[in-house]
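Beneath this line is the structure, given in C-alpha coordinates, with notes to follow.
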There are 2 protein chains.
Amino acid sequence: MKPEKHLPGGAIPQASLRRLPQYHHYLVELEAKGVSRVSTSLIGRELNLVPVQVRKDLQYTGIVGRPKTGYEVKELIQTIESFLGWNNVNEAFLVGAGNLGTALLGHERFSRFGLRIVAAFDTDAAKIGSWIHDKAVLPLDKLPELAGRMGIHLGIITAPAEVAQSVADRMIEAGIQAIWNFAPVRLRVPERIFVHNEDLYSSLASLSWKLAARFHTGLRHESDDLAEPEPQRSVQE
Amino acid sequence: MKPEKHLPGGAIPQASLRRLPQYHHYLVELEAKGVSRVSTSLIGRELNLVPVQVRKDLQYTGIVGRPKTGYEVKELIQTIESFLGWNNVNEAFLVGAGNLGTALLGHERFSRFGLRIVAAFDTDAAKIGSWIHDKAVLPLDKLPELAGRMGIHLGIITAPAEVAQSVADRMIEAGIQAIWNFAPVRLRVPERIFVHNEDLYSSLASLSWKLAARFHTGLRHESDDLAEPEPQRSVQE
DNA sequence: TGCCTTTCGATATATCTTTATCGGGTATGA
DNA sequence: TCATACCCGATAAAGATATATCGAAAGGCA
(Lines give C-alpha, C1' and ligand atoms only; values in the text may rest on other atoms or scores of the structure.)
Protein backbone atom coordinates (compact mmCIF):
# COMPACT_ATOMS: atom_id res chain seq x y z
CA MET A 1 0.00 0.00 0.00
CA LYS A 2 2.89 2.31 0.44
CA PRO A 3 4.16 3.30 -2.97
CA GLU A 4 7.55 1.61 -3.28
CA LYS A 5 9.93 2.08 -6.12
CA HIS A 6 8.09 -0.56 -8.06
CA LEU A 7 4.56 -0.59 -6.90
CA PRO A 8 3.80 -4.16 -5.87
CA GLY A 9 0.28 -4.27 -7.09
CA GLY A 10 -0.03 -1.49 -9.46
CA ALA A 11 2.57 0.25 -11.55
CA ILE A 12 3.35 -0.67 -15.08
CA PRO A 13 4.83 1.27 -17.97
CA GLN A 14 2.32 2.43 -20.49
CA ALA A 15 4.30 0.66 -23.17
CA SER A 16 3.94 -2.67 -21.41
CA LEU A 17 0.28 -2.07 -20.94
CA ARG A 18 -0.05 -1.54 -24.65
CA ARG A 19 1.68 -4.79 -25.45
CA LEU A 20 -0.32 -7.00 -23.13
CA PRO A 21 -3.37 -7.08 -25.40
CA GLN A 22 -1.13 -8.10 -28.26
CA TYR A 23 0.19 -11.00 -26.27
CA HIS A 24 -3.36 -11.82 -25.34
CA HIS A 25 -4.46 -11.86 -28.92
CA TYR A 26 -1.69 -14.19 -29.95
CA LEU A 27 -2.24 -16.44 -26.97
CA VAL A 28 -5.88 -16.86 -27.82
CA GLU A 29 -4.82 -17.93 -31.28
CA LEU A 30 -2.41 -20.41 -29.79
CA GLU A 31 -5.04 -21.81 -27.49
CA ALA A 32 -7.39 -22.26 -30.42
CA LYS A 33 -4.66 -24.28 -32.10
CA GLY A 34 -4.42 -26.49 -29.05
CA VAL A 35 -1.05 -25.26 -27.86
CA SER A 36 -0.83 -25.50 -24.10
CA ARG A 37 2.56 -23.99 -23.30
CA VAL A 38 4.43 -21.00 -24.64
CA SER A 39 7.80 -19.37 -24.14
CA THR A 40 8.70 -15.73 -24.32
CA SER A 41 11.00 -16.52 -27.22
CA LEU A 42 8.06 -17.81 -29.18
CA ILE A 43 5.90 -14.81 -28.39
CA GLY A 44 8.79 -12.54 -29.17
CA ARG A 45 9.38 -14.16 -32.53
CA GLU A 46 5.74 -13.69 -33.41
CA LEU A 47 5.48 -10.09 -32.33
CA ASN A 48 8.95 -8.89 -33.25
CA LEU A 49 10.07 -8.32 -29.72
CA VAL A 50 13.04 -9.58 -27.80
CA PRO A 51 12.21 -12.31 -25.30
CA VAL A 52 13.48 -10.29 -22.38
CA GLN A 53 10.98 -7.61 -22.97
CA VAL A 54 8.11 -10.02 -23.21
CA ARG A 55 9.24 -11.62 -19.97
CA LYS A 56 9.42 -8.27 -18.26
CA ASP A 57 5.95 -7.32 -19.41
CA LEU A 58 4.49 -10.59 -18.25
CA GLN A 59 6.11 -10.24 -14.87
CA TYR A 60 4.02 -7.17 -14.22
CA THR A 61 0.93 -9.35 -14.28
CA GLY A 62 2.42 -11.48 -11.54
CA ILE A 63 2.46 -14.73 -13.46
CA VAL A 64 5.37 -17.10 -12.96
CA GLY A 65 6.70 -19.41 -15.59
CA ARG A 66 8.84 -22.50 -15.41
CA PRO A 67 12.29 -22.89 -16.86
CA LYS A 68 12.44 -24.76 -20.08
CA THR A 69 8.68 -25.01 -20.56
CA GLY A 70 7.62 -21.42 -20.30
CA TYR A 71 4.08 -20.50 -19.33
CA GLU A 72 0.74 -22.27 -19.42
CA VAL A 73 -1.21 -20.66 -22.23
CA LYS A 74 -4.57 -20.93 -20.49
CA GLU A 75 -3.24 -19.56 -17.24
CA LEU A 76 -1.45 -16.75 -19.01
CA ILE A 77 -4.57 -15.69 -20.85
CA GLN A 78 -6.51 -15.72 -17.63
CA THR A 79 -3.85 -13.74 -15.82
CA ILE A 80 -3.69 -11.07 -18.48
CA GLU A 81 -7.44 -10.76 -18.64
CA SER A 82 -7.81 -10.41 -14.93
CA PHE A 83 -4.86 -8.03 -14.74
CA LEU A 84 -6.44 -5.81 -17.34
CA GLY A 85 -9.80 -6.01 -15.68
CA TRP A 86 -11.37 -7.67 -18.68
CA ASN A 87 -13.29 -10.01 -16.45
CA ASN A 88 -15.62 -7.40 -15.07
CA VAL A 89 -17.78 -5.40 -17.39
CA ASN A 90 -17.29 -1.67 -17.74
CA GLU A 91 -20.40 0.05 -18.89
CA ALA A 92 -19.91 3.18 -20.92
CA PHE A 93 -21.78 6.09 -22.43
CA LEU A 94 -20.79 7.35 -25.83
CA VAL A 95 -21.26 10.94 -26.90
CA GLY A 96 -21.28 11.85 -30.56
CA ALA A 97 -23.26 9.58 -32.84
CA GLY A 98 -21.37 10.47 -35.99
CA ASN A 99 -19.44 8.17 -38.23
CA LEU A 100 -16.88 7.17 -35.70
CA GLY A 101 -19.40 6.84 -32.91
CA THR A 102 -21.49 4.57 -35.06
CA ALA A 103 -18.49 2.42 -35.80
CA LEU A 104 -17.71 2.00 -32.13
CA LEU A 105 -21.31 1.27 -31.27
CA GLY A 106 -21.24 -1.53 -33.79
CA HIS A 107 -18.04 -3.04 -32.56
CA GLU A 108 -19.34 -6.24 -31.05
CA ARG A 109 -15.98 -7.53 -29.99
CA PHE A 110 -15.60 -4.91 -27.30
CA SER A 111 -17.85 -6.98 -25.13
CA ARG A 112 -15.23 -9.70 -25.05
CA PHE A 113 -12.88 -7.24 -23.44
CA GLY A 114 -15.03 -5.94 -20.70
CA LEU A 115 -16.48 -2.94 -22.48
CA ARG A 116 -20.17 -2.49 -22.96
CA ILE A 117 -21.44 0.69 -24.55
CA VAL A 118 -24.86 1.17 -23.07
CA ALA A 119 -26.21 4.17 -24.91
CA ALA A 120 -25.26 6.98 -27.22
CA PHE A 121 -25.88 10.70 -26.81
CA ASP A 122 -26.04 13.53 -29.27
CA THR A 123 -27.41 17.01 -29.68
CA ASP A 124 -28.57 16.53 -33.25
CA ALA A 125 -32.35 16.34 -33.18
CA ALA A 126 -32.30 14.22 -36.30
CA LYS A 127 -30.37 11.51 -34.55
CA ILE A 128 -32.04 11.63 -31.16
CA GLY A 129 -34.59 8.92 -30.74
CA SER A 130 -33.04 6.66 -33.34
CA TRP A 131 -31.26 3.41 -32.68
CA ILE A 132 -27.75 2.60 -33.80
CA HIS A 133 -26.71 -1.01 -33.57
CA ASP A 134 -29.40 -1.63 -30.99
CA LYS A 135 -28.31 1.28 -28.84
CA ALA A 136 -30.59 4.21 -28.25
CA VAL A 137 -29.45 7.69 -29.20
CA LEU A 138 -30.53 10.04 -26.42
CA PRO A 139 -30.37 13.78 -25.95
CA LEU A 140 -27.14 14.87 -24.36
CA ASP A 141 -29.03 16.64 -21.60
CA LYS A 142 -30.15 13.32 -20.25
CA LEU A 143 -26.63 12.12 -19.69
CA PRO A 144 -26.01 13.41 -16.17
CA GLU A 145 -29.16 11.97 -14.72
CA LEU A 146 -28.77 8.61 -16.42
CA ALA A 147 -25.09 8.27 -15.65
CA GLY A 148 -25.79 8.83 -12.01
CA ARG A 149 -28.69 6.44 -11.88
CA MET A 150 -26.98 3.68 -13.81
CA GLY A 151 -23.62 4.10 -12.14
CA ILE A 152 -21.73 4.62 -15.38
CA HIS A 153 -18.11 5.50 -14.82
CA LEU A 154 -16.67 5.44 -18.33
CA GLY A 155 -17.36 7.95 -21.09
CA ILE A 156 -16.42 7.80 -24.75
CA ILE A 157 -16.17 11.05 -26.67
CA THR A 158 -16.58 10.85 -30.43
CA ALA A 159 -17.94 14.34 -30.74
CA PRO A 160 -16.28 17.13 -32.73
CA ALA A 161 -13.28 18.83 -31.23
CA GLU A 162 -15.16 22.06 -30.62
CA VAL A 163 -17.55 20.53 -28.13
CA ALA A 164 -15.33 17.83 -26.66
CA GLN A 165 -14.34 19.89 -23.65
CA SER A 166 -17.88 20.74 -22.71
CA VAL A 167 -18.92 17.13 -23.15
CA ALA A 168 -16.11 16.07 -20.88
CA ASP A 169 -17.19 18.62 -18.29
CA ARG A 170 -20.68 17.24 -18.27
CA MET A 171 -19.43 13.71 -18.00
CA ILE A 172 -17.33 14.57 -15.02
CA GLU A 173 -20.20 16.35 -13.32
CA ALA A 174 -22.19 13.21 -13.90
CA GLY A 175 -19.66 11.18 -11.97
CA ILE A 176 -17.75 9.61 -14.81
CA GLN A 177 -14.21 8.69 -13.81
CA ALA A 178 -12.48 7.75 -17.04
CA ILE A 179 -12.77 9.12 -20.54
CA TRP A 180 -11.84 7.60 -23.85
CA ASN A 181 -11.37 10.64 -25.99
CA PHE A 182 -11.40 10.41 -29.77
CA ALA A 183 -11.54 14.15 -30.31
CA PRO A 184 -8.26 15.81 -31.25
CA VAL A 185 -8.18 17.94 -28.13
CA ARG A 186 -6.28 17.70 -24.93
CA LEU A 187 -9.02 17.77 -22.34
CA ARG A 188 -8.62 19.74 -19.17
CA VAL A 189 -9.92 17.64 -16.35
CA PRO A 190 -9.40 17.36 -12.62
CA GLU A 191 -6.58 15.22 -11.39
CA ARG A 192 -8.71 12.30 -10.38
CA ILE A 193 -10.10 11.75 -13.87
CA PHE A 194 -8.27 9.39 -16.17
CA VAL A 195 -8.23 10.36 -19.81
CA HIS A 196 -7.04 8.24 -22.67
CA ASN A 197 -6.62 10.14 -25.91
CA GLU A 198 -7.09 8.37 -29.19
CA ASP A 199 -5.74 11.04 -31.42
CA LEU A 200 -5.96 9.99 -35.03
CA TYR A 201 -4.15 13.11 -36.13
CA SER A 202 -1.18 12.18 -34.04
CA SER A 203 -1.06 8.88 -35.81
CA LEU A 204 -1.43 10.63 -39.08
CA ALA A 205 1.53 12.76 -38.11
CA SER A 206 3.73 9.72 -37.68
CA LEU A 207 2.68 8.37 -41.02
CA SER A 208 2.95 11.48 -43.09
CA TRP A 209 6.18 12.49 -41.46
CA LYS A 210 7.63 9.13 -42.25
CA LEU A 211 6.45 9.27 -45.82
CA ALA A 212 7.66 12.81 -46.25
CA ALA A 213 11.03 12.03 -44.74
CA ARG A 214 11.34 9.10 -47.07
CA PHE A 215 10.89 11.23 -50.10
CA HIS A 216 12.96 14.16 -48.91
CA THR A 217 15.94 12.04 -48.14
CA GLY A 218 15.58 10.03 -51.29
CA LEU A 219 14.50 6.83 -49.64
CA ARG A 220 17.45 7.03 -47.36
CA HIS A 221 17.39 5.02 -44.22
CA GLU A 222 19.81 4.54 -41.38
CA SER A 223 20.10 0.87 -41.97
CA ASP A 224 19.30 0.56 -45.63
CA ASP A 225 22.83 0.39 -46.81
CA LEU A 226 24.15 -1.78 -44.05
CA ALA A 227 24.05 -5.49 -43.74
CA GLU A 228 21.30 -5.76 -41.23
CA PRO A 229 22.55 -7.45 -38.10
CA GLU A 230 19.22 -8.44 -36.66
CA PRO A 231 16.65 -10.49 -38.51
CA GLN A 232 13.53 -9.03 -39.93
CA ARG A 233 12.50 -6.38 -37.53
CA SER A 234 10.17 -3.85 -38.96
CA VAL A 235 9.57 -0.36 -37.75
CA GLN A 236 6.37 -0.35 -35.81
CA GLU A 237 4.91 1.18 -32.76
CA MET B 1 26.03 1.82 -37.19
CA LYS B 2 27.02 4.88 -35.31
CA PRO B 3 23.96 7.05 -35.21
CA GLU B 4 25.00 10.46 -33.97
CA LYS B 5 23.73 11.88 -30.78
CA HIS B 6 21.02 13.81 -32.53
CA LEU B 7 20.44 12.58 -36.01
CA PRO B 8 21.08 15.55 -38.24
CA GLY B 9 18.24 15.56 -40.66
CA GLY B 10 15.60 13.34 -39.37
CA ALA B 11 15.18 11.87 -35.95
CA ILE B 12 12.48 12.81 -33.53
CA PRO B 13 11.02 10.94 -30.58
CA GLN B 14 7.69 9.37 -31.27
CA ALA B 15 6.31 11.20 -28.29
CA SER B 16 7.24 14.55 -29.73
CA LEU B 17 5.75 13.58 -33.04
CA ARG B 18 2.51 12.81 -31.27
CA ARG B 19 2.43 16.19 -29.59
CA LEU B 20 3.06 18.28 -32.67
CA PRO B 21 -0.48 17.87 -34.02
CA GLN B 22 -1.79 18.97 -30.65
CA TYR B 23 0.27 22.12 -30.81
CA HIS B 24 -0.92 22.58 -34.34
CA HIS B 25 -4.53 22.29 -33.32
CA TYR B 26 -4.17 24.85 -30.58
CA LEU B 27 -2.20 27.20 -32.81
CA VAL B 28 -4.92 27.16 -35.43
CA GLU B 29 -7.37 28.14 -32.73
CA LEU B 30 -5.10 30.97 -31.67
CA GLU B 31 -4.73 32.19 -35.22
CA ALA B 32 -8.49 32.21 -35.63
CA LYS B 33 -8.67 34.40 -32.56
CA GLY B 34 -6.23 36.82 -34.14
CA VAL B 35 -3.30 36.04 -31.88
CA SER B 36 -0.06 36.51 -33.74
CA ARG B 37 2.59 35.44 -31.24
CA VAL B 38 2.76 32.63 -28.77
CA SER B 39 5.18 31.44 -26.11
CA THR B 40 5.91 27.92 -25.02
CA SER B 41 4.65 28.78 -21.57
CA LEU B 42 1.29 29.60 -23.07
CA ILE B 43 1.13 26.44 -25.11
CA GLY B 44 2.26 24.45 -22.11
CA ARG B 45 -0.41 25.94 -19.91
CA GLU B 46 -3.03 25.02 -22.46
CA LEU B 47 -1.88 21.46 -23.03
CA ASN B 48 -0.67 20.62 -19.56
CA LEU B 49 2.96 20.39 -20.49
CA VAL B 50 6.02 22.08 -19.11
CA PRO B 51 7.37 24.85 -21.34
CA VAL B 52 10.73 23.17 -21.72
CA GLN B 53 9.17 20.17 -23.31
CA VAL B 54 7.18 22.23 -25.76
CA ARG B 55 10.33 24.11 -26.66
CA LYS B 56 12.22 20.90 -27.24
CA ASP B 57 9.49 19.51 -29.45
CA LEU B 58 9.34 22.66 -31.51
CA GLN B 59 13.07 22.68 -31.96
CA TYR B 60 12.83 19.43 -33.88
CA THR B 61 10.89 21.25 -36.56
CA GLY B 62 13.76 23.68 -36.93
CA ILE B 63 11.79 26.79 -36.06
CA VAL B 64 13.49 29.52 -34.09
CA GLY B 65 11.77 31.83 -31.69
CA ARG B 66 12.69 35.12 -30.20
CA PRO B 67 13.29 35.84 -26.55
CA LYS B 68 10.48 37.55 -24.78
CA THR B 69 8.03 37.33 -27.68
CA GLY B 70 8.05 33.65 -28.49
CA TYR B 71 7.09 32.38 -31.91
CA GLU B 72 5.05 33.75 -34.77
CA VAL B 73 1.84 31.77 -34.78
CA LYS B 74 1.49 31.75 -38.55
CA GLU B 75 5.06 30.74 -39.11
CA LEU B 76 4.85 28.05 -36.47
CA ILE B 77 1.76 26.54 -38.02
CA GLN B 78 3.43 26.54 -41.41
CA THR B 79 6.57 24.98 -40.02
CA ILE B 80 4.73 22.20 -38.28
CA GLU B 81 2.65 21.45 -41.32
CA SER B 82 5.60 21.28 -43.60
CA PHE B 83 7.59 19.27 -41.08
CA LEU B 84 4.81 16.72 -40.87
CA GLY B 85 4.40 16.66 -44.59
CA TRP B 86 0.86 17.97 -44.39
CA ASN B 87 1.48 20.21 -47.35
CA ASN B 88 1.71 17.46 -49.90
CA VAL B 89 -1.18 15.10 -50.35
CA ASN B 90 -0.82 11.43 -49.51
CA GLU B 91 -3.26 9.32 -51.42
CA ALA B 92 -4.35 6.16 -49.71
CA PHE B 93 -6.29 2.98 -50.30
CA LEU B 94 -8.49 1.63 -47.57
CA VAL B 95 -9.25 -2.05 -47.17
CA GLY B 96 -12.23 -3.17 -45.14
CA ALA B 97 -15.44 -1.26 -45.72
CA GLY B 98 -17.00 -2.14 -42.38
CA ASN B 99 -18.10 0.23 -39.68
CA LEU B 100 -14.72 1.65 -38.97
CA GLY B 101 -13.75 1.86 -42.60
CA THR B 102 -16.92 3.76 -43.32
CA ALA B 103 -16.16 6.17 -40.55
CA LEU B 104 -12.71 6.90 -41.89
CA LEU B 105 -13.99 7.28 -45.43
CA GLY B 106 -16.37 9.93 -44.16
CA HIS B 107 -13.80 11.83 -42.21
CA GLU B 108 -13.57 14.96 -44.32
CA ARG B 109 -11.03 16.68 -42.17
CA PHE B 110 -8.29 14.27 -43.12
CA SER B 111 -7.91 16.20 -46.33
CA ARG B 112 -6.77 19.20 -44.36
CA PHE B 113 -3.89 17.12 -43.09
CA GLY B 114 -2.58 15.75 -46.31
CA LEU B 115 -4.52 12.51 -46.36
CA ARG B 116 -6.84 11.63 -49.18
CA ILE B 117 -8.49 8.24 -49.19
CA VAL B 118 -9.02 7.49 -52.84
CA ALA B 119 -10.95 4.25 -52.80
CA ALA B 120 -12.08 1.42 -50.58
CA PHE B 121 -11.66 -2.31 -51.12
CA ASP B 122 -13.50 -5.27 -49.75
CA THR B 123 -14.20 -8.91 -50.46
CA ASP B 124 -17.87 -8.76 -49.53
CA ALA B 125 -19.85 -8.98 -52.75
CA ALA B 126 -22.67 -7.05 -51.16
CA LYS B 127 -20.45 -4.05 -50.64
CA ILE B 128 -18.49 -4.15 -53.88
CA GLY B 129 -19.81 -1.72 -56.40
CA SER B 130 -21.38 0.53 -53.82
CA TRP B 131 -20.24 3.99 -52.87
CA ILE B 132 -19.40 5.10 -49.38
CA HIS B 133 -19.06 8.82 -48.82
CA ASP B 134 -18.38 9.30 -52.52
CA LYS B 135 -15.69 6.67 -52.61
CA ALA B 136 -16.09 3.53 -54.66
CA VAL B 137 -15.90 0.15 -52.99
CA LEU B 138 -13.88 -2.12 -55.25
CA PRO B 139 -12.99 -5.80 -55.15
CA LEU B 140 -9.81 -6.43 -53.24
CA ASP B 141 -8.30 -8.23 -56.20
CA LYS B 142 -8.14 -4.97 -58.08
CA LEU B 143 -5.91 -3.35 -55.48
CA PRO B 144 -2.49 -4.38 -56.80
CA GLU B 145 -3.11 -3.19 -60.31
CA LEU B 146 -4.70 0.10 -59.26
CA ALA B 147 -2.13 0.87 -56.61
CA GLY B 148 0.61 0.47 -59.12
CA ARG B 149 -1.08 2.52 -61.78
CA MET B 150 -2.08 5.33 -59.45
CA GLY B 151 1.14 5.37 -57.52
CA ILE B 152 -0.51 4.86 -54.15
CA HIS B 153 1.98 4.43 -51.34
CA LEU B 154 -0.21 4.43 -48.27
CA GLY B 155 -2.61 1.70 -47.19
CA ILE B 156 -5.21 1.73 -44.46
CA ILE B 157 -6.34 -1.57 -43.00
CA THR B 158 -9.72 -1.65 -41.33
CA ALA B 159 -10.33 -5.29 -42.10
CA PRO B 160 -10.81 -8.00 -39.46
CA ALA B 161 -7.77 -9.26 -37.63
CA GLU B 162 -7.90 -12.62 -39.35
CA VAL B 163 -7.25 -11.24 -42.80
CA ALA B 164 -5.12 -8.24 -41.89
CA GLN B 165 -1.83 -9.97 -42.56
CA SER B 166 -2.84 -11.15 -46.00
CA VAL B 167 -4.17 -7.72 -46.83
CA ALA B 168 -0.87 -6.23 -45.78
CA ASP B 169 1.00 -8.72 -47.92
CA ARG B 170 -0.99 -7.72 -50.95
CA MET B 171 -0.48 -4.06 -50.26
CA ILE B 172 3.24 -4.50 -50.04
CA GLU B 173 3.32 -6.48 -53.27
CA ALA B 174 1.43 -3.62 -54.81
CA GLY B 175 4.19 -1.23 -53.86
CA ILE B 176 2.64 0.38 -50.81
CA GLN B 177 5.25 1.75 -48.44
CA ALA B 178 3.36 2.66 -45.31
CA ILE B 179 0.41 1.06 -43.59
CA TRP B 180 -2.03 2.49 -41.09
CA ASN B 181 -3.24 -0.61 -39.36
CA PHE B 182 -6.46 -0.61 -37.36
CA ALA B 183 -6.58 -4.37 -36.95
CA PRO B 184 -5.44 -5.72 -33.59
CA VAL B 185 -2.54 -7.63 -35.09
CA ARG B 186 1.14 -6.97 -35.24
CA LEU B 187 1.85 -7.20 -38.93
CA ARG B 188 4.97 -8.92 -40.18
CA VAL B 189 6.39 -6.81 -42.91
CA PRO B 190 9.80 -6.23 -44.49
CA GLU B 191 12.09 -3.72 -42.91
CA ARG B 192 11.46 -1.00 -45.45
CA ILE B 193 7.73 -0.84 -44.78
CA PHE B 194 6.51 1.55 -42.13
CA VAL B 195 3.57 0.37 -40.08
CA HIS B 196 1.58 2.44 -37.65
CA ASN B 197 -0.70 0.40 -35.45
CA GLU B 198 -3.91 1.92 -34.17
CA ASP B 199 -4.74 -0.72 -31.66
CA LEU B 200 -8.01 0.09 -29.95
CA TYR B 201 -7.63 -2.88 -27.66
CA SER B 202 -4.40 -1.51 -26.34
CA SER B 203 -6.18 1.68 -25.47
CA LEU B 204 -8.93 -0.30 -23.92
CA ALA B 205 -6.32 -2.03 -21.85
CA SER B 206 -5.12 1.23 -20.39
CA LEU B 207 -8.63 2.25 -19.55
CA SER B 208 -9.89 -0.94 -18.04
CA TRP B 209 -6.70 -1.49 -16.14
CA LYS B 210 -6.96 1.96 -14.69
CA LEU B 211 -10.58 1.49 -13.77
CA ALA B 212 -9.92 -1.92 -12.30
CA ALA B 213 -6.96 -0.68 -10.30
CA ARG B 214 -9.07 2.14 -8.99
CA PHE B 215 -11.65 -0.19 -7.60
CA HIS B 216 -9.23 -2.77 -6.29
CA THR B 217 -7.33 -0.21 -4.30
CA GLY B 218 -10.43 1.50 -3.11
CA LEU B 219 -10.11 4.65 -5.14
CA ARG B 220 -6.71 5.21 -3.72
CA HIS B 221 -4.36 7.49 -5.59
CA GLU B 222 -0.82 8.62 -5.10
CA SER B 223 -1.70 12.21 -4.66
CA ASP B 224 -5.29 12.11 -3.61
CA ASP B 225 -4.61 12.84 -0.01
CA LEU B 226 -1.84 15.33 -0.54
CA ALA B 227 -2.05 19.00 -1.11
CA GLU B 228 -1.22 19.04 -4.78
CA PRO B 229 1.99 20.93 -5.37
CA GLU B 230 1.62 21.48 -9.09
CA PRO B 231 -1.44 23.01 -10.62
CA GLN B 232 -4.04 20.98 -12.33
CA ARG B 233 -2.19 18.33 -14.22
CA SER B 234 -4.29 15.38 -15.21
CA VAL B 235 -3.17 11.93 -16.14
CA GLN B 236 -3.22 11.68 -19.86
CA GLU B 237 -1.24 10.20 -22.64
C1' DT C 1 22.24 -41.09 -14.66
C1' DG C 2 24.70 -37.24 -16.54
C1' DC C 3 25.24 -33.86 -20.15
C1' DC C 4 23.29 -30.39 -22.97
C1' DT C 5 20.02 -27.04 -24.28
C1' DT C 6 16.30 -24.11 -23.32
C1' DT C 7 14.11 -20.80 -20.52
C1' DC C 8 12.98 -18.21 -16.50
C1' DG C 9 14.07 -14.57 -13.05
C1' DA C 10 17.07 -11.06 -11.34
C1' DT C 11 20.47 -7.72 -11.85
C1' DA C 12 23.10 -4.60 -14.51
C1' DT C 13 23.84 -1.69 -18.47
C1' DA C 14 22.49 1.14 -22.27
C1' DT C 15 19.33 4.08 -24.51
C1' DC C 16 15.68 7.15 -24.84
C1' DT C 17 12.68 10.77 -22.88
C1' DT C 18 11.60 14.23 -19.74
C1' DT C 19 12.69 17.82 -16.55
C1' DA C 20 15.87 21.17 -14.49
C1' DT C 21 19.26 24.86 -14.81
C1' DC C 22 21.82 28.67 -16.67
C1' DG C 23 23.16 32.42 -19.76
C1' DG C 24 21.84 35.81 -22.86
C1' DG C 25 18.65 38.50 -25.57
C1' DT C 26 14.48 41.55 -25.88
C1' DA C 27 10.36 43.96 -25.03
C1' DT C 28 8.16 46.88 -21.42
C1' DG C 29 7.80 50.62 -18.31
C1' DA C 30 9.86 53.88 -15.30
C1' DT D 1 18.40 55.31 -20.76
C1' DC D 2 18.16 51.80 -17.43
C1' DA D 3 16.07 48.25 -14.69
C1' DT D 4 13.13 44.36 -14.81
C1' DA D 5 10.62 40.44 -16.11
C1' DC D 6 10.05 37.22 -19.59
C1' DC D 7 11.37 33.77 -22.85
C1' DC D 8 14.44 31.25 -25.91
C1' DG D 9 18.37 27.99 -26.63
C1' DA D 10 21.75 24.87 -24.92
C1' DT D 11 23.49 21.78 -21.71
C1' DA D 12 23.10 18.87 -17.80
C1' DA D 13 20.68 15.95 -14.72
C1' DA D 14 17.07 12.85 -13.66
C1' DG D 15 13.86 9.51 -14.73
C1' DA D 16 11.84 5.89 -17.42
C1' DT D 17 12.21 2.22 -20.62
C1' DA D 18 14.57 -1.26 -23.28
C1' DT D 19 18.30 -4.51 -23.82
C1' DA D 20 22.10 -7.43 -22.26
C1' DT D 21 24.06 -10.78 -19.08
C1' DC D 22 24.28 -14.42 -15.67
C1' DG D 23 22.97 -18.16 -12.61
C1' DA D 24 19.74 -21.68 -11.71
C1' DA D 25 16.09 -24.85 -12.84
C1' DA D 26 13.96 -28.25 -15.87
C1' DG D 27 13.17 -31.16 -19.76
C1' DG D 28 15.34 -34.01 -23.63
C1' DC D 29 18.47 -37.43 -24.89
C1' DA D 30 22.41 -40.45 -24.98
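Note that the structure is predicted; figures quoted are calculated from it, not measured. The chains referred to below are lettered A, B, ... by the order of the sequence lines, with proteins before strands, and numbering in each begins at 1.
- If you take CG of A:Leu49 and C1' of D:dT17, they are 13 Å apart, rounded to a whole angstrom.
- Rounding to whole angstrom units, CZ of residue A:Arg45 and P of C:dT6 are separated by 11 Å.
- Across the protein-nucleic acid pair, B:Leu76 atom CG and D:dC8 atom P stand 10 Å apart, rounded to whole Å.
- Distance CG (A:Leu42) to P (C:dC8): 10 Å, rounded to an integer number of Å.
- Taking 4.0 angstrom as the limit, A:Thr40 places a side-chain polar atom (N or O) nearer than this to OP1 or OP2 of C:dC8.
- DNA chain C is contacted by both A:Lys68 and B:Ser16; A:Lys68 maps to the nucleotide lying nearer its 5′ end (nearest heavy atom per residue).
- For A:Asp57 and C:dC8, the CG to P distance is 13 Å, given to the nearest whole Å.
- Rounded to whole Å, the distance from CD on B:Gln53 to C1' on D:dA13 is 16 Å.
- When the nucleotides C:dT17, D:dC8, C:dA10 are ranked by their closest atom to the side chain of A:Val52, C:dA10 comes out on top.
- Contact annotation: B:Tyr71 reaches the phosphate of D:dG9 (side-chain N/O to OP1 or OP2, under 4.0 Å).
- Among all heavy-atom pairs drawn from B:Leu84 and A:Ser208, the shortest one is O-OG, 2.9 Å.
- Between A:Glu91 and A:Ile152, the shortest heavy-atom contact is O-CG2, 3.5 Å.
- Nearest nucleotide to the side chain of A:Val64, out of D:dG9, C:dT19, C:dG9: C:dG9.
- Summarising the geometry, the separation between CZ on B:Arg37 and P on D:dC8 is reported as 12 Å, rounded to the nearest angstrom.
- Note on B:Thr69: every side-chain N or O is 4.0 Å or more away from OP1 and OP2 of D:dC7.
- OP1 or OP2 of D:dG27 has at least one side-chain nitrogen or oxygen of A:Arg66 nearer than 4.0 Å.
- Between B:Arg19 and the phosphate of C:dT18, there is a side-chain N or O to OP1/OP2 separation shorter than 4.0 Å.
- In this structure, the CZ atom of B:Arg55 is 12 Å from the P atom of C:dA20, given to the nearest Å.
- Here C:dG25 is the nucleotide among C:dG25, C:dA12, D:dT21 with the atom lying nearest to any side-chain atom of B:Pro67.
- Distance OG1/A:Thr40 to CZ/A:Arg45: 10.0 Å, rounded to 0.5 Å.
- Minimum atom distance to the side chain of A:Ser41 is reached by C:dT7, of the listed C:dT21, C:dT7, D:dT19.
- For the pair B:Pro51 and B:Ser41, the tightest heavy-atom approach, listed with the atom from each and the gap, is CG-CA, 3.9 Å.
- Residue B:His25 comes nearest to A:Val185 through the heavy atom pair CE1-CG2, 4.2 Å, listed as atom of the first residue, atom of the second, then distance.
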